Amino acid sequence: MKPGDNDIRAMLAASASAGSRDTWLALASKALGGRDPNQSLAIETLDGIKVRPLYERADVARPAPALVDGRAVWPDGRRAWDIRQLHASPDAQATNAAILEDLAGGVTSITLRLEAPGQFGLRPRHEAIAAALEGVHLDMISIGLEAGEDYLGAAQSLAAIWQERGIADGVARGAINADPLGALARVGVLEDRAHDALQTLALFAAANVGRRPGVRLLLADGRPYHNAGASEAEEIAAVLATAVAYARALEREGVSPAKSFSALAVVVGADADQFLVIAKLRALRSTLARVLEASGVEQRPGLIEILAETSERMLARHETHVNMLRNTIAVAAAAFGGADAISVLPHTWSVGQPDGHARRMARNTQIILQEEACLDRVTDPAAGSWYVESLTDALAARAWELFQDIERRGGMEHALLDGIVQERIARTAERRAERQAGGREELIGMTGFADLGGASGAVEPHPVAGGTRRSEREAVPLTPFRDGAQFEDLRARIEAAAAAHGAERPGVTLVCLGRRADHGAREGFMRNLLGAAGIACHNLELAADGSGPADDELGAAVVCICGSDADYAVGASEAARRAKAGGAGFVMLAGKPGAIEGELAGAGVEAFVHARSNRVEVLSEVVARLLADAGRDAAGAHRT
């Protein structure tokens with residue numbers, strides 16, 4: 001029996017018999033060496049919500065009287081969510097072929113992204129849109145447009161295509177997705193100033209609301225905020241504030257809130273943090289219900305369409321096949337959270353235009369989760385989970401606070417123009433980057449378990465995004481944030497150096513003391529850490545006392561000593577001294593040596609790397625040393 005088995009069995013037995021929270025906490029504290037589990041095992045979200053290791057029924061607070069329970073507006077019976085595919089190629093014929101292939105493969109609706117300020121896509125011409133939709137049964141398929149601030153022309157083209165093909169107004173299905181505030185947030189400038197753009201939106205909606213009941217006119221898009229690094233509550237608050245801004249603008253043109261909200265869809269990003277995504281969608285539904293109640297709108301299921309798109313922010317540029325796992329988790333979470341439609345960005349989206357295989361994997365991810373995992377068979381499957389319920393309530397409360405703050409500052413238009421939203425999200429993105437750098441947020445395939453031989457494959461790069469029409473800036477645009485970008489940038493430098501010099505990937509020599517059983521854990525830790533920057537590792541075995549191969553074999557540009565605490569006390573100083581004598585440029589040691597740190601520093605150890613180190617700072621120093629050494633080698637070879 002392994003150490004600790006008795007504690008685990010006792011914990012399970014106590015849980016099964018008494019179900020006592022105090023019993024569990026006492027046993028968990030014992031297993032943690034006397035530490036408080038609620039402190040040692042707790043984590044905190046970027047919204048400041050503390051997630052504890054254990055929840056029970058008493059932890060679920062019921063909504064306040066003014067807050068409508070989000071579950072009350074779910075459909076009576078769960079239905080399959082809409083499998084939506086995004087197309088953004090500038091080539092109309094290629095887009096048409098891809099759309100027909102997707103529809104034949106099980107996709108149930110299509111979104112066409114058109115080229116516009118700040119985004120790439122299909123040419124925004126009537127002929128191109130018509131060609132892209134050739135052969136598509138528009139009486140059966142919903143067509144959505146993403147045209148940025150150019151939604152008016154796109155809407156006219158789509159309406160003309162419906163008319164040309166004999167699609168009656170009552171039969172047409174789709175979405176215009178007019179969202180000028182989202183465009184302002186992304187690019188910082190509109191052809192019309194923000195206030196004028198809202199008036200134009202209101203006039204457009206007033207003229208068209210109710211004309212085609214199956215067509216959503218408005219979109220409150222959370223993706224620009226999500227992809228800038230916003231927290232879950234910040235994204236929800238931005239969606240709520242945008243939706244209310246549009247409803248107010250339409251009301252000034254005589255459109256009732258009930259009609260405004262019936263013409264609205266909302267969309268948020270879904271990343272691989274499963275429980276937060278589930279809670280975010282549930283909290284979004286709950287807070288939207290609260291907005292409807294405050295607006296005097298009778299609530300009914302499906303009044304506002306809730307969409308989710310897998311996160312662009314989370315997609316890795318290296319080892320893109322791992323993105324399929326991220327997408328799978330994100331789709332499952334969005335389904336559990338009750339999204340009406342889900343769109344999956346193909347796993348190669350981070351590096352370029354998806355090919356047929358990537359699109360197939362994107363749609364099959366959803367089909368398998370529907371038809372084989374049956375995730376569409378249960379209404380609100382997270383209901384009753386004390387953890388998810390508590391997280392939902394806390395997230396809804398925090399999002400409502402942020403939404404009220406935006407409203408107090410004059411609404412979403414003024415909050416964007418004054419930079420309030422952008423500043424808040426920038427601070428959150430900075431904290432997100434710090435968490436990733438410090439190892440508190442692991443990104444599989446990027447910051448952890450990177451495959452140095454993993455290739456992304458050759459794909460056609462994305463087109464250049466459309467430029468803005470005016471140089472005068474109205475608002476500060478959101479700055480895109482990518483998970484793990486600081487690590488991938490370092491890896492790109494290493495790989496570029498290797499390619500430029502026609503040499504092997506620059507590497508670090510791991511000087512391993514003693515037996516593998518003793519040094520293996522720290523050797524693995526360093527391989528994992530260095531792999532995040534694309535750095536190869538080469539082992540050199542020494543005896544526990546630091547003796548072994550000649551000094552010059554230890555003289556690499558960067559050396560890291562790995563071993564147990566006991567072996568460090570015996571041989572780490574000798575290993576460091578010998579490495580310096582052999583010409584090593586930079587010597588590190590894996591772990592925290594405690595009392596012998598001064599002795600090791602005197603022997604030549606310049607950095608101590610451990611689980612709480614800032615990994616980006618460590619890797620930046622290592623990369624700089626390796627690239628300088630590679631440059632010297634290349635210069636020497638050139639002179640020779």
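Position 1 is the first residue of the sequence, and the numbers go up from there. This one's a predicted model, so the numbers in the text were calculated from it and none came from an experiment.
Looking at Asp271, its side chain never comes within 3.5 Å of a backbone N or O of Ser311 through a donor-acceptor pair. Using modelled atom types, no side-chain atom of Gln119 and backbone atom of Ala116 make a donor-acceptor pair closer than 3.5 Å. Within the 3.5 Å criterion, the main-chain N or O of Cys512 finds no donor-acceptor partner in the side chain of Glu523. A donor-acceptor pair is defined here as one N or O able to donate and one able to accept, closer than 3.5 Å; such a pair exists between the side chain of Asp221 and the backbone of Arg223. No side-chain donor-acceptor contact under 3.5 Å links Asp102 to the backbone of Val107. In this structure, the side chain of Asn227 does not engage the main chain of Pro480 through any donor-acceptor pair within 3.5 Å. In terms of modelled atom types and a separation under 3.5 Å, the side chain of His462 and the main chain of Trp349 share a donor-acceptor contact. Without hydrogens or angle criteria, Gln370 side chain to Trp81 main chain gives a donor-acceptor distance under 3.5 Å. In this structure, Gln436 contributes its side chain and Gln486 its backbone to no donor-acceptor pair below 3.5 Å. Between the Ser390 side chain and the Trp386 main chain, no donor and acceptor come within less than 3.5 Å of each other.
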List the steps and the verdict of side chain to side chain donor-acceptor pair (under 3.5 Å) for Asn327 and Thr365. CA-CA 8 Å; Asn327 278 340; Thr365 298; over 6 Å; no

Please test Ile236 against Val268 for side-chain contact (heavy atoms from CB on, under 4.5 Å), starting from the C-alpha separation and ending with a verdict. CA-CA 8 Å; Ile236 294 173; Val268 293; 5.6 Å; no

Can you check side-chain contact (heavy atoms from CB on, under 4.5 Å) on Phe487 and His318, steps first, answer last? CA-CA 11 Å; Phe487 295 91; His318 298 278; over 6 Å; no

Could you go through Ser343 and Leu307, starting from their C-alpha distance and side-chain angles, then the distance that decides it, and tell me whether this counts as side-chain contact (heavy atoms from CB on, under 4.5 Å)? CA-CA 8 Å; Ser343 179; Leu307 318 175; over 6 Å; no

Please assess Val609 against Cys560 for the test side-chain contact (heavy atoms from CB on, under 4.5 Å), listing each intermediate value before the final yes or no. CA-CA 9 Å; Val609 185; Cys560 183; 5.6 Å; no

Going through the checks in order, is the side chain to side chain donor-acceptor pair (under 3.5 Å) test met by Arg615 and Asn528? CA-CA 11 Å; Arg615 295 184 291 178; Asn528 191 49; over 6 Å; no

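Residues Val51 and Tyr387 form a side-chain contact, since some pair of their non-hydrogen atoms from C-beta on lies under 4.5 Å apart. Proximity of Pro506 to Ile535: side-chain heavy atoms (C-beta onward) are nowhere separated by under 4.5 Å. Side-chain contact between Arg482 and Glu488: present, with at least one pair of heavy atoms (C-beta onward) separated by less than 4.5 Å. In this structure the side chain of Arg326 never reaches within 4.5 angstrom of the side chain of Thr310, judged on heavy atoms. Contact of the Leu627 side chain with the Ile494 side chain is registered, since non-hydrogen atoms from C-beta on lie closer than 4.5 Å. Counting only heavy atoms from C-beta outward, the side chains of Pro354 and Thr348 approach each other to under 4.5 Å. The shortest side-chain heavy-atom distance between Glu617 and Glu621 does not fall under the 4.5 Å cut-off. Here the side chains of Arg424 and Tyr225 are not in contact, with every heavy-atom distance at 4.5 Å or above.
Nearest heavy atom pair, residue Leu46 against residue Ser231, reads CB-CB, 4.1 Å. Nearest approach of Ala128 to Ala92, heavy atoms of both residues: O-CB, 3.6 Å. Minimum interatomic distance between Cys562 and Leu510 (heavy atoms only, all atoms of both residues): SG-CD2, 4.3 Å. Thr95 and His87 make their closest contact through CG2-CB, 4.0 Å (heavy atoms, listed as atom of the first residue, atom of the second, distance). Shortest non-hydrogen contact noted between Val618 and Leu529 is CG1-CD2, 4.4 Å. Scanning both residues, Ile99 and Leu112, for their nearest heavy atoms gives CD1-CD2, 4.0 Å.
Taken to the nearest 0.5 Å, the CG atom of Asp340 stands 9.0 Å off from the CG atom of Asp82. Residue Leu103 holds its CG atom at 9.5 Å from CE of Met140, rounded to the nearest 0.5 Å. Atom CZ in Arg625 sits 13.0 Å away from atom OG in Ser620 (nearest 0.5 Å). Rounding to the nearest 0.5 Å gives a distance of 11.0 Å between CG of Leu281 and CG of Leu276. Separation of atoms CE (Met314) and CD (Glu312) is listed at 10.5 Å; rounding is to 0.5 Å. Atom-to-atom distance recorded for Arg285:CZ and Ile306:CD1 is 4.0 Å, nearest 0.5 angstrom.
Around atom NE2 of His538, more than 12 heavy atoms belonging to other residues, nucleotides or ligands sit under 6.0 Å away. By the 6.0 Å contact criterion, CD on Glu442 is enclosed, its count of non-hydrogen atoms from other residues, nucleotides or ligands being greater than 12. By the neighbour-count criterion of 12 heavy atoms within 6.0 Å, atom OH of Tyr55 is densely surrounded, having more than that number from other residues, nucleotides or ligands.
Between Arg282 and Glu389, at least one side-chain N (NZ, or NE/NH1/NH2) sits under 4.0 Å from a carboxylate O, which counts as a salt bridge.
Side chain to side chain, Ser109 and Arg84 meet the donor-acceptor criterion of an N or O pair below 3.5 Å. Asn177 and Arg113 share no donor-acceptor pair across their side chains, judged by distance under 3.5 Å alone. Side-chain contact, Thr45 with Glu232: no donor N or O sits under 3.5 Å from an acceptor N or O.
Exactly one residue among Arg313, Arg398, Lys280 makes a salt bridge (Lys or Arg N to Asp or Glu O under 4.0 Å) with Glu235. That residue is Lys280.
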